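A short write-up of the structure that comes next.
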Amino acid sequence: MAKNEASVPKGTRDFLPGEMVKRNYIFKIIRTVFEHFGYLPIETPAMEQVSTLTGKYGEEGDRLLFRILNSGNFLGDISDDEILERNVNKLKSFLSDKGLRYDLTVPFARFVVQHLNEITFPFKRYQIQPVWRADRPQKGRYREFFQCDVDVIGSNSLLNEAEQIQIIDEIFKKLGIKILIRINNRKILSGIAEVIGEADKIIPITIAIDKLDKIGPHKVNEELAVKGVSEKAIHELQPILDLTGSVGEKLNELEKKILLRSGIGRKGVDEMKKLFGYLKTFDLEVDPIFDLTLARGLDYYTGTIIEVNSTEMKIGSLCGGGRYDDLTGVFGLKDVSGIGVSFGADRIYDVMEKMGKFPEDTTSTTTLMFVNFGEKEEIHCLSLLAEIRKSGINAELFPDKVRLKKQMNYANKKNVEYVALVGEDEMKNRLITLKNMKTGDHEKIKLKELIEKLS
RNA sequence: GUGGUUGUAGCUCAGUUGGUUAGAGCGCUGGAUUGUGGUUCCAGAGGUCGCCGGUUCGAUCCCGGUCUUCCACCCCA
């Protein structure tokens, strides 16, 4: 066999034990909070039918889908003419009918429709699985990454929006990450597009104003013009984007003046008022802000949109989501509304690692290690080990009788908290020499005392 | 998908204006120290200088391609 270079594909990574322990710490907190709020776990396959995935994420999203090559002699079904035509998009349908999931929301919508009779509404689920995007990797941007989604489907109540904000607040509080939560509503954006007379250009308009704080008003206006938004409309947009004041003041201004003639716009304002009303009654660590320039690209959002960023590190959003009124519609189930947000575990990891947010004890999993002194001692230690494990303490016995220095070194590298030394003396006296690896102290104690101490 | 950037020991990086044997620190292995690790001292192992091709008497260095990294755009977790 030819010698292969050991490598993983672009934008993918291996995780070492030290990293996995920290990743699991993040997953555990997220999962625990999800369950506190009454969400139940599901999983879906890594791959979906291509038809399930395409057309849900906009043109850009379709481009980023990983497709899986069909098996068998798929070229046999294609005529020579079709091959010579070299129409990639047309040929794709012959070559590939499965794709790796791009997110967890669309597969979830498919799941809901497929299992309609097995679930009860409102259906609250969470899902922690990897997704794949054929993006150009950068820092905090991978081709394979884990999303942690929470969604409620089958309820229009804004209570769900409020609950999701609570979940976000609690998770980041528990992780110790400082964040900014921004909220907006697609209906307000639609209303604005409507009143400036460019209702059909809602998507390019939202994408452009999303960049306001990044590239400035001048460049945004340029982009709007390029996308065919009229000069008059751009002019009318300016005072709207310049709105200042408290959440209430902004919403009043929108309701009473700007969106007076837009039914959908006023509905969006109503929703925001109600949502912020709920939020006021919560005791949140971070107060979410109303950001009129927040847009978010995914095509399927129709109401509230939410995005969370780190205030300590420059990296893409850590969490994002929103309400989608008809995502199940394309799978044949009309008028079922859902809302959900997705936590990016990998970016959360990057922030926590960079800012030193991991508690120290997340780096160790073994509490006690027995030194190996030879065959007789091994047998003796094995029975002690069994007792210790039975009482819930993580413990191991070094498998080889090698120099003590090497065994201690192993324990040290692995951040083992205590080392037990049991040789002839200890065996005779039914004692264990217990060494604390942090302080270096050691004492001879009985098994019972040891278990009490480490429990 | 567009433009740029990076790649030398396990890790972080020097270096060679194209010329015999490519270096450091950390780490690793062994010893000082055969029941006490993280300190110290001594010794040692480890590199087709990302991969493929071209130019050249000769390439780790120049040129082309490719993979990878990071960055900006795009988009997003």
Side-chain angles (χ1 to χ4, degrees), chain A residues 3-13 16 26 30 57-65 88 102-105 128-149 168 203-204 206-208 210-211 214-215 219 223 295-299 305-310 314-321 340-351 369-374 377 398 401-427 433-444:
Chain A
K3 195 174 149 190
N4 290 331
E5 195 193 339
S7 67
V8 295
K10 185 200 289 204
T12 67
R13 299 146 303 151
L16 291 153
I26 294 172
I30 290 176
Y57 310 108
E59 219 175 288
E60 190 67 21
D62 280 359
R63 208 197 73 214
L64 298 176
L65 287 177
V88 173
Y102 176 93
D103 71 358
L104 301 178
T105 307
I128 299 176
Q129 289 191 278
V131 302
W132 296 268
R133 296 182 189 177
D135 215 338
R136 279 265 174 101
Q138 286 181 32
K139 200 164 215 77
R141 188 174 199 169
Y142 308 99
R143 288 188 147 187
E144 177 183 64
F145 60 97
F146 270 74
Q147 288 196 327
C148 313
D149 272 37
I168 290 170
I203 288 174
T206 55
I207 288 173
D210 193 31
K211 296 174 195 159
K214 201 169 169 188
I215 61 175
K219 285 256 169 81
E223 180 167 330
R296 295 189 58 78
L298 290 180
D299 276 12
I305 43 182
I306 302 165
E307 193 163 302
V308 178
N309 288 87
S310 164
K314 195 185 163 250
I315 192 166
S317 55
L318 301 181
C319 175
V341 292
S342 180
F343 294 77
D346 304 78
R347 284 182 182 173
I348 289 173
Y349 179 96
D350 289 345
V351 171
M369 185 196 89
F370 277 86
V371 164
N372 192 319
F373 283 122
E377 289 87 346
F398 197 88
K401 190 209 170 201
V402 292
R403 282 173 42 245
L404 191 56
K405 175 170 176 159
K406 187 167 171 140
Q407 302 193 37
M408 296 299 281
N409 226 322
Y410 169 87
N412 201 40
K413 286 268 164 60
K414 208 170 164 181
N415 276 321
V416 173
E417 288 173 61
Y418 292 92
V419 168
L421 299 103
V422 181
E424 264 179 60
D425 261 15
E426 286 89 346
M427 279 166 68
T433 297
L434 182 69
K435 178 178 170 107
N436 182 322
M437 291 297 279
K438 275 221 181 75
T439 62
D441 302 339
H442 49 100
E443 54 180 333
K444 288 197 179 181

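The sequence lines fix the lettering, A, B, ..., with proteins before strands; numbering per chain opens at 1. Just so it is clear, the model here is predicted, and its values are computed rather than measured.
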Check the geometry between A/F145 and B/rA77 and answer yes if their rings are stacked (centres below 5.5 Å, planes below 30°), otherwise no. yes
NA contact type, A/G320, heavy-atom cut-off 4.0 Å: base, sugar-phosphate, or nothing? sugar-phosphate
Mind calculating the distance between CZ (A/R141) and P (B/rC74) to the nearest angstrom? 10 Å
Mind checking if A/G11 touches a base, just sugar-phosphate, or nothing, with heavy atoms under 4.0 Å? sugar-phosphate
At what distance, to the nearest 0.5 angstrom, does CZ of A/R143 lie from CZ of A/R136? 8.5 Å
Measuring only the C1' atom in each nucleotide, how far is B/rA59 from B/rU20? A whole number of Å is fine. 15 Å
Among A/D350, A/D135, A/T12, which residue meets the side chain to side chain donor-acceptor pair (under 3.5 Å) test with A/Y142? A/D350
Would you kindly give the CD-to-C1' distance between A/Q138 and B/rU5, to the nearest whole Å? 12 Å
Write down the distance between CZ (A/R13) and P (B/rA77), rounded to a whole number of angstrom. 16 Å
Are the side chains of A/D346 and A/R13 in contact, using a 4.5 Å heavy-atom criterion? yes
Start at the 5' end of RNA chain B and walk down; is the nucleotide closest to A/K139 or to A/G440 reached first? A/G440
Sugar-phosphate only, base, or nothing, as touched by A/Y410 at under 4.0 Å among non-hydrogen atoms: nothing
How many angstroms lie between atom CZ of A/F343 and atom CD1 of A/I168, to the nearest 0.5 angstrom? 5.0 Å
Just how far, in rounded Å, is P of B/rC76 from CG of A/D62? 13 Å
Interatomic distance, CE@A/M437 vs OH@A/Y418, rounded to 0.5 Å, equals 12.0 Å
Between A/T206 and A/A295 the two heavy atoms that sit nearest each other are O-CB, 3.0 Å
Determine yes or no for a side-chain-to-main-chain donor-acceptor pair under 3.5 angstrom, with A/E377 supplying the side chain and A/V422 the backbone. no
Which value, in whole Å, describes the distance between the P atoms of nucleotides B/rA32 and B/rU68? 48 Å
Let's test your reading of the pairing rules: Watson-Crick or G-U wobble, both distances under 3.5 Å, then write RNA chain B as a dot-bracket string with ( ), [ ], | and dots. ((((..(..((((.....[...)))).(((((.......))))).....(((((..]....))))))..))))....
Measuring from atom CD of A/Q147 to atom CG of A/D103, what distance do you get when rounded to the nearest 0.5 angstrom? 6.0 Å
Rounding to the closest angstrom, what is the interatomic distance between B/rU16 and B/rG7 at atom P? 14 Å
Distance, rounded to the nearest Å, where A/D103 contributes CG and B/rC75 contributes C1': 14 Å
Has A/K211 got a side-chain N or O lying under 4.0 Å from the OP1 or OP2 atom of B/rC74? yes
To the nearest Å, how far apart are A/L434 CG and B/rU36 C1'? 13 Å
For atom C1', what is the distance between B/rG37 and B/rU33, given to the nearest Å? 13 Å
Which part of the nucleic acid does A/G61 contact within heavy-atom distance under 4.0 Å: base, sugar-phosphate only, or nothing? nothing
Tell me the interatomic distance from A/K413, atom NZ, to B/rG27, atom P, rounded to whole angstroms. 8 Å
Classify the nucleic acid contact of A/R63 as base, sugar-phosphate or nothing, counting any heavy atom under 4.0 Å across all strands shown. base
Would you indicate, yes or no, if B/rG37 has its OP1 or OP2 atom less than 4.0 angstrom from a side-chain nitrogen or oxygen of A/K405? no
Give a yes/no answer on whether the side chain of A/R136 brings an N or O atom under 4.0 Å of OP1 or OP2 in B/rU69. no
Examine B/rG37: is either OP1 or OP2 under 4.0 Å from a nitrogen or oxygen in the side chain of A/Q407? Give yes or no. no
Rounded distance in Å between the P positions of B/rG38 and B/rU29: 12 Å
Using only atom types and a distance under 3.5 Å, with no angle test, would you say the side chain of A/Q407 pairs donor to acceptor with the backbone of A/N372? yes
Return whichever of A/E426 or A/A345 has its heavy-atom-nearest nucleotide of RNA chain B closer to the 5' end. A/E426
When rounded to the nearest Å, what value does the distance between P atoms of B/rU48 and B/rC11 take? 12 Å
Would you say the base of B/rG37 and the side-chain of A/N412 have a donor-acceptor pair closer than 3.5 Å? yes
Provide the distance between the two C1' atoms, one in B/rG46 and one in B/rG54, to the nearest whole Å. 32 Å
If I pick the P atom on B/rG50 and the same atom on B/rA14, what distance separates them, to the nearest angstrom? 14 Å
Within the structure shown, what part of the strands sits under 4.0 Å from A/I348 by heavy-atom distance: base, sugar-phosphate, or nothing? nothing
